[in-house]
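Taking it in order: structure first as structure tokens, then the write-up.
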2 protein chains.
Amino acid sequence: MVTLKDISRDVGLSITQVSRALGGHTDVNAATRERVQLAATRLGYRPNAIARSLKTGRSGIVAMIVAGSRDPDSNAHLFEIVMGLSAEISALGLQFVLHVGQPGADVVKLHTELYRSGGIDGFVIIGPSPADQRIKCLTDLGAPFIVHGRDPEQPHPFVDIDNFDVGRTMADHLLSLGHRRIAFLNGPLSEFFAIQRQRGVDAAFAAHGLSVDPALIRSITMIEPQGRSAARDLLQLDNPPTAIIAGNTMIARGVYHAAADAGVSIPGDLSVLAHDDGLELFPAVGFQPPLGGTSAHLSAAWISLSADLKQIIAASKTPMHNRILDLTFDKGSATQSILVDRSMRVGP
Amino acid sequence: MVTLKDISRDVGLSITQVSRALGGHTDVNAATRERVQLAATRLGYRPNAIARSLKTGRSGIVAMIVAGSRDPDSNAHLFEIVMGLSAEISALGLQFVLHVGQPGADVVKLHTELYRSGGIDGFVIIGPSPADQRIKCLTDLGAPFIVHGRDPEQPHPFVDIDNFDVGRTMADHLLSLGHRRIAFLNGPLSEFFAIQRQRGVDAAFAAHGLSVDPALIRSITMIEPQGRSAARDLLQLDNPPTAIIAGNTMIARGVYHAAADAGVSIPGDLSVLAHDDGLELFPAVGFQPPLGGTSAHLSAAWISLSADLKQIIAASKTPMHNRILDLTFDKGSATQSILVDRSMRVGP
DNA sequence: CGCCAATTCCGAAACGTTTGGGATCGCCGC
DNA sequence: GCGGCGATCCCAAACGTTTCGGAATTGGCG
């Protein structure tokens with residue numbers, strides 16, 4: 001291993017001066033700096049990350065801890081998250097450690113021990129839920145962290161979208177088209193984002209002087225098979241929905257399949273909207289008719305998340321740095337006014 | 001942060017002795033050790049990983065570097081790998097850093113720089129291909145590493161299955177049933193495992209005095225949609241195959257769908273075998289009729305891989321520690337003798 | 001009483017880096 | 001001639017741990 005000492009010997013300077021030369025300090029002669037840099041590249045010097053960490057107290061490592069699970073479905077989104085996040089964090093010159101706990105491991109304890117053993121500058125937390133203690137734990141520890149999503153009940157740094165608006169916007173659009181029996185294939189209500197979306201849907205109904213039919217609300221794992229079977233159930237009801245809001249595009253894909261299976265035409269018999277996370281690994285392509293709904297790309301979240309976390313780490317005191325990303329709405333071609341729908345069927 | 005110094009002050013011993021007490025050395029009084037341990041837990045001491053790393057030269061961190069890619073398909077297996085590997089490595093008390101490079105980044109350079117900057121004890125390499133330089137690079141660096149799969153052209157530590165045998169076994173079984181037009185939906189030939197499987201298939205044909213029809217060999221990304229479209233193509237040939245070997249169960253799923261789409265019955269009109277990686281996130285369930293073929297669980301690979309890597313790191317000189325995991329074969333219920341097939345169709 | 005060995009302890013150095021507080025030198029202005 | 005200043009350099013301490021070599025205390029034994 002090539003160290004500062006090797007360089008200092010080579011160029012005949014003190015270790016101090018070599019360190020300053022490479023570190024870009026001012027009190028070093030331009031010619032000297034040149035000489036040092038040349039020697040450094042010639043010898044193939046790479047600063048020792050560990051020694052630097054010990055001295056500076058920063059390791060440049062951020063961690064994400066996920067609870068191991070024997071249930072494959074619960075990992076549905078994780079790949080997208082892990083890959084996107086890791087890429088952004090790597091791009092910022094930080095290291096990303098992924099810690100997959102044993103099933104049933106105490107996640108709070110893992111965070112605590114990992115932080116207390118030094119070596120981790122900060123954490124990323126995803127999918128906060130009312131029950132979990134991770135945010136409180138890290139706040140108490142004084143550890144830098146950032147949350148994807150948010151816990152509305154306590155202040156903390158986060159990057160999120162307006163999930164209330166997601167539910168409200170899509171429900172409102174369908175209500176305005178005259179739909180009344182609107183189903184909502186929501187994500188797991190154990191997480192805040194799904195709770196907020198449900199509230200948004202409720203609010204849209206309330207604004208129209210209506211209320212949702214609980215029989216049309218489902219909380220499911222957000223993958224295609226689950227969406228398919230939930231949609232099949234809904235379409236077999238005595239009084240089936242005329243519209244379905246899907247929590248994401250994978251669920252929507254299941255809805256399209258279920259509709260095809262049941263001989264239900266979209267948008268003729270059934271209007272569909274979905275929230276689109278802009279997944280790169282499961283792209284929302286091939287929907288016929290083209291799917292509409294709210295949209296916010298997760299990739300944008302990873303970029304913000306990484307940059308903000310880096311900033312939070314740099315600032316010793318945690319700023320309540322949070323960010324709500326833009327949401328767009330496109331009505332797509334998979335919805336139809338329920339009045340137009342009927343008149344057209346009656347017509348020519 | 002609680003350090004050894006804090007404990008030493010608390011119990012009135014030297015830092016040395018505290019370190020020895022906690023480290024389980026012999027030259028410390030049993031009563032003293034007790035006192036020290038109590039103080040350590042009372043104060044909430046956690047050894048500083050960075051200081052320890054600096055002194056011992058080991059960080060307990062292993063890394064996997066994957067080339068970023070804009071092509072979602074190329075990441076098909078990665079999730080399974082990342083989650084499985086990370087879980088096993090975490091379970092061994094090591095940290096797993098996942099570095100997702102920018103698309104087009106120089107992967108060899110990333111390995112080199114990461115290793116040279118200290119802080120990484122070893123690497124995991126997956127999917128070796130004839131072109132890539134990673135193994136040579138790490139060997140030259142003297143960095144501990146282990147490969148999932150192998151490069152038959154150079155010695156290195158690895159964990160692998162006998163992919164030649166995968167191809168040979170399945171082809172042989174179908175040939176023995178009388179099949180002659182056997183298609184092979186292989187993985188990407190850029191990787192060694194697929195090359196070996198192809199050689200195995202070729203060998204089985206040769207052993208029967210036959211040779212494969214190149215028109216029935218496809219090299220595809222190993223996911224369902226690709227399998228489905230490849231199978232559709234094959235079934236539309238003037239002289240379609242009577243059997244298909246799928247590189248994994250996701251491809252097989254595509255084959256089942258394509259067969260259903262084409263009105264081809266399994267195993268009546270088409271025999272199917274597949275290699276089963278025992279994926280936990282995409283389990284091979286719901287095949288009707290039950291799918292057969294060779295099988296080797298990836299989860300076993302992660303366990304071996306992690307344990308072996310840990311051992312390689314502990315031993316300063318890299319042992320050529322390699323391991324070939326067991327392969328099982330089950331004929332399943334998706335194959336049929338081609339003679340029986342015809343006689344039954346002609347019969348009652 | 002003196003010697004040896006076992007037991008238990010500690011000082012100090014080391015890992016490679018960063019950085020605060022000087023040191024040295026030449027030069028200017030008074 | 002001298003204080004001061006800017007430019008350039010270096011010593012030494014520090015981060016928290018491990019570990020080598022030795023020191024102090026005790027007990028046994030000749």
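Chain letters run A, B, ... following the sequence lines, proteins first and then strands; every chain starts at 1.
- Surrounding CD of B:E34 are at most 12 heavy atoms belonging to other residues, nucleotides or ligands under 6.0 Å away.
- A donor-acceptor contact shorter than 3.5 Å links the side chain of A:R116 to the backbone of B:G44.
- Rounded to a whole Å, the CZ atom of A:R9 is 11 Å from the P atom of C:dG16.
- Taking only distance into account, the side chain of B:R20 never meets the base of C:dG11 through a donor-acceptor pair shorter than 3.5 Å.
- If you take NE2 of A:H25 and P of C:dG20, they are 9 Å apart, rounded to a whole angstrom.
- Comparing A:T26 and A:L54 against DNA chain D, the residue whose closest nucleotide sits nearer the 5' end is A:T26.
- The listed nucleotides are C:dG16, D:dG16, D:dT18; the one nearest the side chain of B:N48 is D:dG16.
- Distance, A:K5 NZ to C:dT17 C1': 12 Å, rounded to whole Å.
- An OP1 or OP2 oxygen of D:dT8 is reached within less than 4.0 angstrom by a side-chain nitrogen or oxygen of A:N29.
- For the OP1/OP2 pair of C:dC10 and a distance below 4.0 Å, the side-chain nitrogens and oxygens of B:S14 include at least one atom meeting the criterion.
- The main-chain N or O of A:I324 is never found under 3.5 Å from a side-chain atom of A:D160 such that the two would form a donor-acceptor pair.
- Closest to the side chain of B:L4, out of D:dC15, D:dT19, D:dT17, is D:dT17.
- Rounded to whole Å, the distance from CD1 on A:I15 to C1' on D:dA14 is 14 Å.
- Here CG of A:L305 is found 6.0 Å from CG of A:L85. Values are rounded to the nearest 0.5 Å.
- When each of C:dT18, D:dT18, D:dG16 is scored by its nearest atom to the side-chain atoms of B:A51, the top-ranked nucleotide is D:dG16.
- B:R150 places a side-chain N or O within donor-acceptor distance of the main-chain N or O of B:I161, the cut-off being under 3.5 Å.
- Counting to the nearest Å, the C1' atom of D:dT18 and the CZ atom of B:R58 are 14 Å from each other.
- If you take CD1 of A:I50 and P of D:dT18, they are 13 Å apart, rounded to a whole angstrom.
- Atom-to-atom, CG of B:D27 to P of C:dA5 comes out at 19 Å; the value is rounded to the nearest Å.
- Using modelled atom types, no side-chain atom of B:E280 and backbone atom of B:E80 make a donor-acceptor pair closer than 3.5 Å.
- Considering only side-chain N and O atoms, A:S19 lies under 4.0 angstrom from the phosphate OP1 or OP2 of C:dT18.
- Applying the 4.0 Å criterion to OP1 and OP2 of C:dC15, one finds that B:S53 has every side-chain N and O outside that range.
- Between the P atom of D:dT8 and the CZ atom of A:R33 lies a distance of 10 Å, rounded to the nearest Å.
- Side-chain to base pairing of A:T3 with C:dT17: no donor and acceptor N or O lie closer than 3.5 Å to each other.
- Looking at the side chain of B:Q17, the nearest of the listed nucleotides C:dT19, C:dC9, C:dG16 is C:dC9.
- Between the base of D:dT19 and the side chain of B:T16 there is a donor-acceptor pair shorter than 3.5 Å.
- Note on B:R52: a side-chain N or O is less than 4.0 Å away from OP1 or OP2 of D:dT18.
- Taking only side-chain atoms of B:L13, from C-beta outward, the nucleotide of C:dC9, D:dC10, D:dG16 with the closest atom is C:dC9.
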